[in-house]
Structure formats: structure tokens, C-alpha cells
Amino acid sequence: LMEVRTPNLDALADGGSMTLRTRTTTPSVSGPAWSSMLTGVWPEKHGVVDNEFEGRRYDAYPGFLTRIEQLRPELSTFAVVDWVPLMELEGGSTAVGPEVDRRELLDGYELGWAEADARATALTVQHLASSDGDALFVYLGNPDETSHETGSIGPEYREAIATADDHVGRIVEAVRARPTFASESWLVIVSTDHGRRADGGHGGDSVQELTTFLLFSGPAAPRGTITRDTFIVDVAPTALAHLGIEIDPSWELDGSAIR
């Protein structure tokens with residue numbers, strides 16, 4: 001990430017803070033990691049230990065958008081993903097649950113990941129221009145899948161990161177173009193689910209696989225260097241706290257809000 005030209009992410013970091021020492025889940029694979037990011041708890045609680053999602057407990061530990069709808073149903077929630085299991089699983093119960101006001105599901109394997117990410121971005125831009133947008137989750141899968149397809153972190157992977165940065169720029173531009181933007185206080189959080197080895201793989205417990213990043217931007221974002229330890233489970237409570245939702249101890253969240 002730091003070797004790729006990413007002007008939009010750089011601009012966001014300049015308006016907030018970024019840490020490159022965020023710890024993800026063990027195992028360092030997508031199912032457990034995205035579940036922990038969205039719910040704010042480790043796999044021992046949400047029950048997802050691989051990409052099969054068996055044993056999931058989103059009923060007890062729902063995603064943060066579901067919590068928003070449970071507590072503040074007047075708020076508008078939106079999610080778009082192109083990795084299907086985050087929004088659709090046999091038997092129901094997903095990290096991005098049906099309570100979310102607007103759910104857009106794309107299939108990156110069917111569409112091609114670059115196309116799916118482009119469509120996800122377009123749907124987000126359209127939503128921001130035409131609707132209320134109190135809380136949004138936007139998933140971009142192409143960088144991860146490109147690395148898997150090429151078995152490397154080489155030029156194709158770097159190009160995919162640069163393209164994702166372009167998508168981030170379009171989304172931020174759409175936020176700032178909102179007629180009500182001047183009276184709104186947006187917090188932008190950017191992260192990913194895991195690190196990876198030089199061969200494009202992940203799932204182990206090496207530093208490269210377990211380490212990811214967190215970026216915060218906006219008027220309420222922390223400024224300067226983040227000195228505290230950060231974890232993937234900090235994303236959900238940070239988003240909830242920004243919306244003024246008090247964390248209930250009975251939720252048993254493992255993460256804490258970063259301010």
C-alpha cells in the first residue's frame with residue numbers, strides 16, 4: 001500500500017490519522033476478519049473461524065449497521081458488497097443483515113472483480129447523491145482477488161490498489177458534493193481484512209499476514225500519530241461512537257472507539 005501512488009487515501013490521512021500496525025484475526029482469513037470488523041468482537045464470540053461461516057453467531061453479535069437499525073431506526077443505513085457471503089448465506093444470518101435499509105449485492109466472481117468494484121462505487125455515489133446517508137459500508141474486493149489470481153504482490157496487485165484509491169476518491173467527492181455536507185460531520189474509516197505474504201497468500205500467523213492498517217479522516221477523526229494499539233475490532237465501536245450510540249457493556253464488544 002505504501003509503495004503505490006494513492007493520492008485519495010493520502011489526502012484522507014492528511015485530514016486525520018493512519019496506523020500501519022493494526023492487528024487482525026487469527027486465522028488471518030476473510031470470513032473471520034470481516035466478521036470481526038463489522039461486529040467488533042473476535043472469532044471466539046461471533047463464531048466464524050473460516051470462509052464457510054459455519055457456527056456464526058450474528059444473532060448475538062450483529063454487525064454495526066444492524067445495531068444502528070436496532071437502536072436508531074430513524075438513521076439511514078447502506079451497504080454494498082461484491083463478496084457474497086457477507087450479505088447472503090444459506091440459512092440466513094449474515095454480517096450485513098436484512099435490517100440494513102439499502103443492501104446492494106454484487107458477485108465479484110460472476111462479474112469480474114474490477115467490474116464489480118466499479119459498480120459498487122457507482123451505487124454508492126448514486127446513493128450519496130440521492131438519499132440520506134447516515135452510515136455506509138462499502139466493500140471493494142478487487143485488490144485481494146487480484147493478488148490471489150496472480151499469486152503475488154506484484155504490478156497487477158499494485159494496479160488494483162491504485163484503482164481502489166480512485167474509487168475511494170469518487171466516493172469522497174460524492175460525500176463532499178452533498179447539498180447538506182456543510183452541516184454534516186462525516187467520519188471516513190478505511191481498512192482491510194488482513195495482510196498477505198509475498199506469494200499473495202494469507203491465513204497464517206506471520207506478522208505480514210496478521211498486520212493491516214486503519215485510516216480515519218474527518219472533523220471528528222484523531223489527528224497525528226495513533227500511539228495506542230489498534231485492532232480490527234475497533235472499527236465497529238468507532239463508527240457507533242461517532243453516531244452518538246453509547247456502547248452497552250452487555251454487547252461484550254472486544255474493540256473500543258478510537259478518538
Side-chain angles (χ1 to χ4, degrees), residues 22-71 77 79-100 103-110 113 116 135 137-141 143-145 147-148 189 191-197 200-212 214 229-240 245 247-257:
T22 299
R23 173 68 180 266
T24 190
T25 55
T26 302
S28 54
V29 295
S30 296
W34 285 113
S35 297
S36 286
M37 181 187 293
L38 289 163
T39 65
V41 300
W42 294 116
E44 291 80 4
K45 291 179 182 176
H46 61 60
V48 180
V49 297
D50 53 33
N51 287 346
E52 299 302 315
F53 289 84
E54 295 178 359
R56 60 192 183 274
R57 300 187 62 207
Y58 299 130
D59 55 339
Y61 302 100
F64 77 95
L65 291 175
T66 296
R67 286 207 187 272
I68 291 169
E69 289 298 335
Q70 291 171 342
L71 297 166
T77 54
V80 58
V81 305
D82 51 19
W83 190 45
V84 172
L86 291 180
M87 197 175 283
E88 184 178 281
L89 286 166
E90 185 176 350
S93 183
T94 53
V96 181
E99 302 84 358
V100 177
R103 301 161 81 236
E104 296 287 354
L105 178 60
L106 305 166
D107 189 336
Y109 291 111
E110 178 181 303
W113 292 94
F137 173 67
V138 182
Y139 176 98
L140 302 174
D144 177 63
E145 294 296 336
S147 184
H148 283 306
I189 306 173
S191 189
T192 192
D193 50 341
H194 51 67
R196 61 194 333 118
R197 300 186 303 270
H202 57 86
D205 58 2
S206 70
V207 171
Q208 289 85 356
E209 294 161 276
L210 290 175
T211 305
T212 180
L214 272 171
D229 292 336
T230 57
F231 305 91
I232 199 168
V233 291
D234 295 330
V235 172
T238 301
L240 292 169
I245 295 174
I247 305 301
D248 188 329
S250 69
W251 299 345
E252 299 180 329
L253 299 190
D254 295 316
S256 59

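Note: hydrogens, waters and symmetry copies are ignored here, and every other heavy atom, side chains too, is used.
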Taking all non-hydrogen atoms of both residues into account, name the closest pair between [X] and [Y] and its distance.
X      : Y      : result
Val48  : Pro43  : O-CB, 3.4 Å
Gly203 : Pro27  : O-CB, 3.9 Å
Gly40  : Ala236 : N-CB, 3.9 Å
Pro85  : Phe53  : CB-CE1, 3.4 Å

### Query
Does the pair Glu209/Arg196 count as a salt bridge with the N-to-O cut at 4.0 Å?
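The answer is no: the pair does not qualify as a salt bridge.
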
### Task
Taking only Lys NZ, Arg NE, NH1 and NH2, and the carboxylate oxygens of Asp or Glu, determine whether Asp254 and Lys45 approach each other closer than 4.0 Å.
yes

Quick one: does [X]'s side chain get under 4.5 Å of [Y]'s, heavy atoms only?
X      : Y      : answer
Ile247 : Leu253 : yes
Leu210 : His194 : no
Ser256 : Asp234 : yes
Ser36  : Val41  : no
Val80  : Leu106 : yes
Phe64  : Thr39  : no
Glu88  : Leu105 : yes
Tyr109 : Asp82  : no

### Query
Where do Thr238 and Ile189 land on the side chain to side chain contact (heavy atoms under 4.5 Å, CB included) test, with the steps shown first?
CA-CA 9 Å; Thr238 301; Ile189 306 173; 4.1 Å; yes

### Task
Could you please spell out the steps behind the side chain to side chain contact (heavy atoms under 4.5 Å, CB included) verdict for Phe137 and Leu38?
CA-CA 9 Å; Phe137 173 67; Leu38 289 163; 3.9 Å; yes

### Task
Quick one: do Arg56 and Ser35 satisfy side chain to side chain donor-acceptor pair (under 3.5 Å)? Show the steps, please.
CA-CA 9 Å; Arg56 60 192 183 274; Ser35 297; over 6 Å; no

Could you tell me the separation between the [atom1] atom of [X] and the [atom2] atom of [Y], rounded to the nearest 0.5 Å?
X      : Y      : atom1 : atom2 : result
Thr94  : Leu89  : OG1   : CG    : 6.5 Å
Thr22  : Leu214 : OG1   : CG    : 3.5 Å
Glu44  : Tyr61  : CD    : OH    : 10.5 Å
Asp229 : Arg23  : CG    : CZ    : 10.5 Å
Glu252 : Trp42  : CD    : CH2   : 15.5 Å

### Message
Please check if the number of heavy atoms outside Gln70 that lie under 6.0 Å from its CD is greater than 12.
### Response
yes

### Query
Is it true that atom CG of Asp59 has more than 12 heavy atoms of other residues, nucleotides or ligands lying nearer than 6.0 Å?
yes

### Message
Has Thr66 got a side-chain atom pairing as donor or acceptor with Glu99's backbone, closer than 3.5 angstrom?
### Response
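No, Thr66 side chain to Glu99 backbone: no donor-acceptor pair under 3.5 Å.
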
### Query
Going by atom types alone, do Asp193 and Ser30 pair a side-chain donor with an acceptor below 3.5 Å?
yes

### Task
Applying ring pair (Phe, Tyr, Trp, His ring centres under 6.0 Å), name anything that partners Tyr139, two or more places apart in sequence or on another chain.
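Tyr139 satisfies ring pair (Phe, Tyr, Trp, His ring centres under 6.0 Å) with Trp34 once adjacent residues are dropped.
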
### Task
Could you go through the side chain to side chain contact (heavy atoms under 4.5 Å, CB included) check for Trp251 and Leu240 one step at a time?
CA-CA 13 Å; Trp251 299 345; Leu240 292 169; 4.2 Å; yes

### Task
List the steps, then state whether side chain to side chain contact (heavy atoms under 4.5 Å, CB included) holds for His202 with Val29.
CA-CA 7 Å; His202 57 86; Val29 295; 4.1 Å; yes

